[in-house]
J.: 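I'd like to ask some things about the structure below.
One-based numbering, in listed order, for ligands and for the atoms of each. Please read all numbers here as calculations on a predicted model, not as lab measurements.
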Amino acid sequence: MPNRMLQFVAVPQQTPAKRAADARRADFQEIYDEYLPAQAATQASRCSQCGVPFCQIHCPLANNIPDWLKLAAENRLEEAYELSSATNNFPEICGRICPQDRLCEGNCVIEKGFDSVTIGAVERFITDTAFDQGWVKPARPRRERPESIGVIGAGPGGLAAAEQLRKLGYQVHVYDRHDRVGGLLIYGIPGFKLEKSVVLRRWKLLEDGGVRFHLNCAIGTDITMADLRARHSAVLVATGVYRARDIGGPGAGLPGIVAALDYLTAANRTGLGDTVPAFADGTLDATARRVVVVGGGDTAMDCVRTAIRQGATSVTCLYRRDRANMPGSLREVKNAEEEGVQFQWLAAPEAFLGDTTVTGVRATRMHLGLPDASGRQAVDPLAGSAFTIPADLVIKALGFDPEDLPGAFGEPALKVSRRGTLSIDHRSFMTSLPGVFAAGDIVRGASLVVWAIRDGRDAAASMHAWLQQAATAAPALAPVAA
Ligand SMILES: Cc1cc2nc3c(=O)[nH]c(=O)nc-3n(C[C@H](O)[C@H](O)[C@H](O)COP(=O)(O)OP(=O)(O)OC[C@H]3O[C@@H](n4cnc5c(N)ncnc54)[C@H](O)[C@@H]3O)c2cc1C
Ligand code: SF4
């Protein structure tokens, strides 16, 4: 067979077709089309098959990228799927929403003179094809173990762990305070980045494999942590981070100023067919309103683009640093600009204007100063630079911190870091409570889906090792029969 690889010199990079901005603004469907099979094979063939693949090194899951690209280039898609799913529980989700420009693709060595291989789009294509072809099978163990495991949180961290543990034969019970599975995949990230059907089919697959979901069930409220620990041989905490950072200043309490996740959850629920009173009464609906979003991360980008789709009159993003220092993916900033979002870089709110409801934001220009101890440049206001942006809806998207888990769980012995994230032993993933492990954002702080999957997988492996050890140790500890 002729070598199909190393085609980057002859074949230019081609991302999947992106829908025109005008069409995108009218709905919540994903903005990128799927590759046609021939396109996926051709694009995969651009890989240079490096001896030391930097893409793999910079993928948090250490995905075997060069090998599955080669299989895709040779149209051996079922094998490509087997390989890609061996290291990643949700490759089609990562292919859609990983910030590839900072991870695998950003480290593709052919990028120097040629554009990088479109790794994410090929990864998505492989697994979407596998679903279409019926190659994706539920993780149904041949032999079930007697031990059961409780997982708190049905986000990507909890779900990845649940699938890994189910494969190992454990009885897995996932508890979530929401009514649907997915965590931020279902109620945070909007459909134009990740269509809901992609998340819902994973939910079904896990159920088909025998994972039991207990929804509308908040641990600490509906079931105590002590009860949960008594029910299960081990527990994994994968509860994410949900305490929204707030903004102070004059007028900060005015009606019309809302929290990003409330706004996004309402939009996502409405899209799923739910009736959301705060959306129906206009509180969380941007239709025909002048919207200002404060913040520069993924959440802010999702808010501005949701507001555009809801038919806002204008949408402005206010961010205190510059474009180069945005924490969100630059690809999403570009998409937002194409869709009509105005960016005010180096600008921060000083006060919120209005009597009975917000009518505007008074902002100050900022400038970047010298790097602080963390290496990040300080931001300082420029005297006399205040300006006003009219607004009827202000969305605060300044990031998230952990909730008080020791308090919520009634477990004062549960150790947390200074930031409030759960402290774990980084080799075993165990918290300060014996048999209670933790993974995902609740350990790292707000991070990425791909890292939550990685942590969920690693925590599952550690839980298995711990349970195995406990099982072999148990007979020695059992009382000797008379
Ligand atoms: C708006 C937004 C956009 C994002 N976009 C991207 C992106 O494009 N790409 C990317 O890689 N990352 C993105 N992220 C980050 C990513 O979503 C998170 O890093 C990831 O979801 C963390 O996974 P997790 O499993 O740790 O937690 P989560 O996804 O937060 O899931 C935690 C689950 O635990 C449940 N829970 C919490 N407390 C309890 C309790 N006491 N009892 C029962 N259940 C409980 C919650 O209901 C939730 O379902 C985004 C985040 C936000 C907020
Ligand atoms: S999981 Fe994310 S970082 Fe890894 S190969 Fe896929 S898109 Fe790239």
Side-chain angles (χ1 to χ4, degrees), residues 55-56 58-65 68-69 84 87-88 90-108 117-124 127 150-161 174-190 193-194 214-223 225 228 236-242 244 260-261 263-265 268 295 297-303 306 328-329 331-332 397 399-400 402-403 405 408-409 438-456:
C55 56
Q56 179 169 6
H58 288 271
C59 166
L61 290 159
N63 280 342
N64 195 342
I65 301 164
W68 50 251
L69 284 174
S84 136
T87 50
N88 188 352
F90 315 123
E92 76 290 6
I93 294 178
C94 293
R96 283 169 165 88
I97 60 167
C98 269
Q100 286 102 8
D101 45 358
R102 285 194 266 137
L103 301 171
C104 54
E105 293 180 19
N107 291 281
C108 171
V117 177
T118 51
I119 297 167
V122 176
E123 186 179 29
R124 165 191 164 171
T127 304
V151 176
I152 315 174
L159 295 183
V174 181
Y175 300 81
D176 202 291
R177 60 188 175 189
H178 279 315
D179 55 347
R180 289 189 178 91
V181 164
L184 289 172
L185 302 177
I186 195 89
Y187 287 140
I189 299 174
K193 275 166 54 183
L194 174 66
H214 306 262
L215 301 178
N216 296 309
C217 180
I219 303 305
T221 310
D222 298 307
I223 301 180
M225 185 64 163
L228 199 73
L236 177 71
V237 184
T239 48
V241 288
Y242 285 91
L261 205 54
Y263 172 70
L264 290 173
T265 304
N268 279 312
D298 282 330
T299 306
M301 290 311 100
D302 289 351
C303 289
T306 297
S329 160
R331 180 181 63 187
E332 301 307 332
F400 302 94
E403 294 158 281
L405 278 198
F409 288 170
D441 278 6
I442 190 58
V443 176
R444 286 181 182 272
S447 178
L448 293 173
V449 168
V450 65
W451 278 115
I453 297 172
R454 169 68 196 263
D455 293 346

J.: Can an N or O of Ile97 be found at a distance shorter than 3.5 Å from an N or O of ligand 1?
T.: yes
J.: Have a look at Pro190, Gly155, Ala438 and point out the one with the heavy atom closest to atom 31 (O) of ligand 1.
T.: Gly155
J.: For Thr221, which part has a heavy atom under 4.0 Å from ligand 1: side chain, backbone, both, or neither?
T.: neither
J.: Short list, please: which atoms of ligand 2 are under 4.0 Å from a heavy atom of Glu123?
T.: 1 (S), 5 (S), 6 (Fe), 7 (S)
J.: Identify, by atom number and element, the atoms of ligand 2 in contact range of Val450, meaning under 4.0 Å from any of its heavy atoms.
T.: 1 (S)
J.: Is the closest N or O pair between Ser447 and ligand 1 shorter than 3.5 Å?
T.: yes
J.: With no hydrogens and no angle check, is any side-chain donor or acceptor of Asn268 less than 3.5 Å from a backbone partner on Leu264?
T.: yes
J.: Taking N or O atoms only and a 3.5 Å limit, does Gly157 qualify as a polar contact for ligand 1?
T.: yes
J.: Under a 3.5 Å distance rule, please check whether Arg454 uses its side chain to pair with a backbone N or O of Pro60 as donor and acceptor.
T.: yes
J.: Within less than 2.8 Å of atom 8 (Fe) of ligand 2, any N, O or S from Cys55?
T.: no
J.: Taking 4.0 angstrom as the limit and counting only heavy atoms of Asn63, give me the atoms of ligand 2 inside it, by number and element.
T.: 1 (S), 4 (Fe), 5 (S), 6 (Fe)
J.: Among all protein heavy atoms in this structure, tell me which lies nearest to atom 27 (O) of ligand 1, with the distance rounded to 0.1 Å.
T.: Gly240 CA, 3.5 Å
J.: Using heavy atoms and a 4.0 Å limit, tell me yes or no: is Tyr187 in contact with ligand 1?
T.: no
J.: Quick check on atom 4 (Fe) of ligand 2: does Cys98 put an N/O/S atom closer than 2.8 Å to it?
T.: no
J.: Which is closest to atom 32 (C) of ligand 1 in terms of heavy atoms, Ala238, Ala439, Gly183?
T.: Ala238
J.: Return yes if some donor-acceptor pair links the side-chain N/O of Asn107 with the main-chain N/O of Leu103 below 3.5 Å, else return no.
T.: yes
J.: Taking the basic N atoms (NZ, or NE/NH1/NH2) and the acidic carboxylate oxygens, is any pair closer than 4.0 Å for Glu403 and Arg177?
T.: yes
J.: Hey, does Cys303 sit under 4.0 Å from ligand 1 if you only count heavy atoms?
T.: no
J.: Show which atoms of ligand 2 fall inside a sub-4.0 Å distance from at least one heavy-atom site of Leu103.
T.: 3 (S)
J.: With a 3.5 Å distance limit and no angle check, can you tell me whether Asn88 reaches the backbone of Phe90 through a side-chain donor-acceptor pair?
T.: yes
J.: Which protein heavy atom lies closest to atom 33 (C) of ligand 1, and at what distance to 0.1 Å?
T.: Asp176 OD2, 3.5 Å
J.: Would Val449 count as a polar contact of ligand 1, with the cut-off being nitrogen or oxygen pairs under 3.5 Å?
T.: yes
J.: Indicate yes or no: does an N/O atom of Phe409 lie under 3.5 Å from an N/O atom of ligand 1?
T.: no
J.: Which option wins on minimum heavy-atom distance to atom 29 (O) of ligand 1: Leu184, Leu264, Val443?
T.: Leu184
J.: One residue to check: Tyr242. Relative to ligand 1, which of side chain, backbone, both or neither has a non-hydrogen atom less than 4.0 Å away?
T.: side chain
